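The structure under discussion appears below in the form of structure tokens.
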There are 2 protein chains.
Amino acid sequence: MARLTQGELKVMRLLWEHGEMKPAELQARYPEPIKNSALRSHLATLLEKGHVTRRLVGKAYFYRPTTRKRSAFRTMLGELVDAYCGGSIENLVMNIIRSEKLSEDDLIALRRLADAEGEPPPPAGGGGRKR
Amino acid sequence: MARLTQGELKVMRLLWEHGEMKPAELQARYPEPIKNSALRSHLATLLEKGHVTRRLVGKAYFYRPTTRKRSAFRTMLGELVDAYCGGSIENLVMNIIRSEKLSEDDLIALRRLADAEGEPPPPAGGGGRKR
DNA sequence: CCCGATGTGCGGTACTGTCTGCACATCGAG
DNA sequence: CTCGATGTGCAGACAGTACCGCACATCGGG
């Protein structure tokens, strides 16, 4: 999918978070004050690019995201990884762990997560995976 | 620092990777074929924004990055984390581990890394931290 | 001296992202 | 009915991005 611009992203985040909405509600929830027409302009481009659809309810349109958050996330993540981490996700994670400050608890949680993911599938019954 | 555009980023990546260069060399290494004038146009904006400096050597300018790769990385990482992970880096890492496919070896390396970072400073003598 | 190679400055075009204004339709209250 | 509130479509201003071409300067070889 194509890159989301800053303005488009702000709208999408609201839709992902709160679901279907009409322009006035999006306007009210927009992080900064924004004119209704400006916001609708963003919606128009999102509609054109296919990131949202809308349906008429009474006299107002309700907008709903079609692009999934996870998909957009992956796109941006891919860009970042290509640009700064030689295309390797592992490299990215290493970078973050090494350079960003993660708390003790985070690292413990991380370790647990890595254990859970890394463990071979239990040979029998009980142990369910997290996903 | 301000957001780098796609074209600017491509130039900066070359400079980060290979160091000081003149336009013709950048042009030769540019991922796609690009006209010399187009490339110099990007350099001009980078210069204007202060992401690179140049010095005259003979009759040609050599361009050198002033913005650090790590700094640009953090900017983009921050955007991504804000937009998709509720502002929490830990959340980002969890997301990646859970959803991207990391190999067994990666997870092992990760676990080791988490251990190394997470361990309390040794009470005496020898052990230096990595950073 | 002339010429091609190399490099520079500058201007110009096309498209995108963001934001604005205005005209028009609909509906309920007075 | 008239009016304000709410909602829509559209046209366009405006800065920034990406790209391109042309004119000019310099240098070394024939």
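Residue numbers start from 1 in every chain, and the chains themselves are labelled A, B, ... in the order their sequence lines are given, proteins ahead of strands. Note that the coordinates shown come from a computational prediction; the quantities given were computed from them, not determined experimentally.
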Is it true that a side-chain atom of A:Arg13 and a backbone atom of B:Asp82 form a donor plus acceptor pair closer than 3.5 Å? yes

When you measure from the side chain of B:Thr53 to the backbone N and O of B:Thr66, does any donor-acceptor pair fall under 3.5 Å? no

The residue among A:Arg40, A:His42, A:Arg54 that forms side chain to side chain contact (heavy atoms under 4.5 Å, CB included) with A:Leu47 is A:Arg54

Whole-Å distance between D:dT6 C1' and A:Leu26 CG? 16 Å

Check for a donor-acceptor pair, side chain of A:Trp16 on one end and backbone N or O of A:Thr67 on the other, with a separation under 3.5 Å. yes

If we fit an axis to the first five pairs and another to the last five of the helix from C:dC1-D:dG30 to C:dG30-D:dC1, what angle do they make, to the nearest 10°? 30°

Integer-rounded Å distance: C:dT6 P and B:Met21 CE: 18 Å

Taking 4.0 Å as the cut-off, does a side-chain nitrogen or oxygen of A:Thr5 come that near to OP1 or OP2 on C:dT18? yes

Atom-pair distance (CG on B:Leu39; P on C:dT6), nearest Å: 16 Å

Using whole Å, what does the distance between atom C1' of nucleotide D:dC20 and atom NZ of B:Lys35 come to? 7 Å

Examine B:Leu56 and B:Leu43 and state if one hydrophobic cluster contains both, with Ile, Leu, Val, Met, Phe, Trp and Tyr joined whenever side-chain heavy atoms are less than 4.5 Å apart. yes

For A:Gln27 and C:dT20, what is the distance between atoms CD and C1' respectively, to the nearest whole Å? 13 Å

If only side-chain N and O atoms of A:His42 are considered, is one of them under 4.0 Å from the OP1 or OP2 phosphate oxygen of C:dG17? no

Table of protein N/O atoms under 3.5 Å from nucleotides 8-12 of chain D N/O atoms:
{"unit_1": "D:dT8", "atom_1": "OP1", "unit_2": "A:Tyr61", "atom_2": "N", "d": "2.7"}
{"unit_1": "D:dG9", "atom_1": "OP1", "unit_2": "A:Arg54", "atom_2": "NH2", "d": "3.0"}
{"unit_1": "D:dG9", "atom_1": "OP2", "unit_2": "A:Arg54", "atom_2": "NH1", "d": "3.4"}
{"unit_1": "D:dG9", "atom_1": "N7", "unit_2": "A:Arg40", "atom_2": "NH1", "d": "2.9"}
{"unit_1": "D:dG9", "atom_1": "O6", "unit_2": "A:Arg40", "atom_2": "NH2", "d": "3.1"}

Between C:dT16 atom C1' and B:Gln6 atom CD, what is the distance in whole Å? 13 Å

I'd like to know if B:Arg29 pairs up with B:Glu17 as an ion pair, taking the criterion as any Lys NZ or Arg NE/NH1/NH2 lying under 4.0 Å from an Asp or Glu carboxylate oxygen. no

Just how far, in rounded Å, is C1' of C:dT16 from CD of B:Glu8? 14 Å

Gap separating the CG atom of A:Leu80 from the OG1 atom of A:Thr75, nearest 0.5 angstrom: 12.5 Å

Can you get from A:Leu4 to A:Met76 by hopping between Ile, Leu, Val, Met, Phe, Trp and Tyr side chains that sit under 4.5 Å apart? yes

Could you tell me whether A:Lys49 contacts a base, only the sugar-phosphate backbone, or nothing, with contacts defined as non-hydrogen atoms closer than 4.0 Å? sugar-phosphate

Measure the distance from CD1 on B:Ile34 to C1' on D:dA18 and round it to the nearest whole Å. 8 Å

Do the side chain of A:Gln27 and the main chain of A:Ile34 share a donor and acceptor less than 3.5 angstrom apart? yes

